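Both backbone and side-chain heavy atoms feed into the values below; hydrogens, waters and symmetry mates do not. Note that the structure is a prediction, hence the values are computed from the model and not measured.
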Amino acid sequence: MAVNYVPETLEEALLLRKAEKAVPLAGGTDIMVQHRRAQGIAPNPGFPVMVISGLKELKGIRKLEDGSVEIMALTTAAE
C-alpha cells in the first residue's frame, strides 16, 4: 500500500482530510484487511491514505477539571 501522506500536526491532517479526502490510518487493521491482495503484494485501497500514528495531539490520558478522564484516540492500551 502506498502511503500518500504523513502529516506532522493535527491541523495538517485535518486539512489533508478536507482537501484530499485522505483516509486516516493509525494501526491499519481495517484498511489492510478490507483491501488485501495476494501474499507479498501490498494492499491498494484506491484512495489517498494518511498515517496519523505520529500525531502527538491525539495521544495521552488526562484528568479534566470536572473530574472526568479524557483518553485520546491514539492512546495505547499499555498507556
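The line from CD of E57 to NZ of K59 is 10.0 Å long, rounded to the nearest 0.5 Å. Note that CD1 of I52 is 12.0 Å distant from OG1 of T9, once rounded to the nearest 0.5 Å.
Cluster membership for L15 and Y5, using ILVMFWY side-chain heavy atoms within less than 4.5 angstrom, is not shared.
The shortest side-chain heavy-atom distance between R62 and I71 does not fall under the 4.5 Å cut-off.
Summarising the local packing, CD of E11 is surrounded by 12 or fewer heavy atoms from other residues, nucleotides or ligands at distances under 6.0 Å.
At least one donor-acceptor pair closer than 3.5 Å links the side chain of E12 to the backbone N or O of E8.
Minimum heavy-atom separation, L55 to P7: CD2-O, 3.5 Å. The two atoms that bring E20 and P48 nearest to each other are O-CG, 3.3 Å, heavy atoms only. A pairwise comparison of heavy atoms in E79 and I61 identifies O-CD1, 3.5 Å as the closest pair. Closest approach of M50 and A13 over heavy atoms only: CE-O, 3.3 Å. Contact between A26 and L74 at its shortest, heavy atoms only, is CB-CD2, 3.5 Å.
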